[in-house]
Amino acid sequence: MIGRLFGWVFLLAAGAVLVRDGIAWYATGAMTPQSFNSLWFDLSSHSLGLFRGAVLGTIPWLWRLVLSPILSLWAGPILLLVALYLLWSSREAKRRRFQ
């Protein structure tokens, strides 16, 4: 139940990001996909700065080697894959009736 709820939330987020990318592509003529970093910055720049500062202050290699490359990925397709996985993995099994 919770997996399906989060799956639908991620699916709506992926749709919003992909629509935003499509509108930006149409308006400018250049494909500029939105990364997780820019998405997080648009939603809450203060929390991104706090998170980055906390990680860099304690474990700087984690930011450079793991988190920064992950946050630079294109958000739309990754959110879509996560949504589809959550929806698929939390689907209800079909019950078979023996007659």
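Just so it is clear, the values below take in all heavy atoms, side chains as well, and ignore hydrogens, waters and symmetry mates. By convention here, the first residue in the shown sequence is residue 1.
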Give a yes or no on whether [X] and [Y] share a hydrophobic cluster (residues Ile, Leu, Val, Met, Phe, Trp, Tyr; joining criterion: side-chain heavy atoms under 4.5 Å apart).
X: Ile70; Y: Ile59; answer: yes
X: Phe6; Y: Leu12; answer: no
X: Leu71; Y: Leu62; answer: yes
X: Ile2; Y: Leu11; answer: no
X: Leu5; Y: Phe10; answer: no

With a cut-off of 3.5 Å and sequence neighbours excluded, list every side-chain donor-acceptor pair involving residues 76-90.
unit_1 : atom_1 : unit_2 : atom_2 : d
Ser89  : OG     : Tyr85  : O      : 3.0
Ser89  : OG     : Leu86  : O      : 3.4
Ser90  : OG     : Arg4   : N      : 3.2
Ser90  : OG     : Leu86  : O      : 2.6

For this session: Check whether any side-chain heavy atom of Leu48 lies under 4.5 Å from a side-chain heavy atom of Asn37, and answer yes or no.
Result: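 In contact.
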
Hydrophobic clusters join Ile, Leu, Val, Met, Phe, Trp and Tyr when side-chain heavy atoms are under 4.5 Å apart, directly or via other members; which others share one with [X]?
X: Ile23; value: Val19
X: Tyr26; value: none
X: Trp25; value: Leu18, Met31, Trp74

Problem set entry | Heavy-atom neighbours of Phe36 CZ exceed 12 at 6.0 Å |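 Yes, the 6.0 Å shell around CZ holds more than 12 heavy atoms from other groups.
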
Problem set entry | Qualifying residues under side-chain hydrogen bond (donor to acceptor under 3.5 Å, both in side chains), relative to Trp8, sequence neighbours excluded |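 Expected list: none.
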
Exercise. Mind checking what makes side-chain hydrogen bond (donor to acceptor under 3.5 Å, both in side chains) contact with Ser47, not counting sequence neighbours?
Worked result: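 Counting only residues at least two positions away or on another chain, Ser47 forms a side-chain hydrogen bond (donor to acceptor under 3.5 Å, both in side chains) with Trp40, Ser44.
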
For this session: Considering non-hydrogen atoms only, spot the tightest contact between Arg20 and Thr32 and give its length.
Result: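 It is NH1-O, 3.3 Å.
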
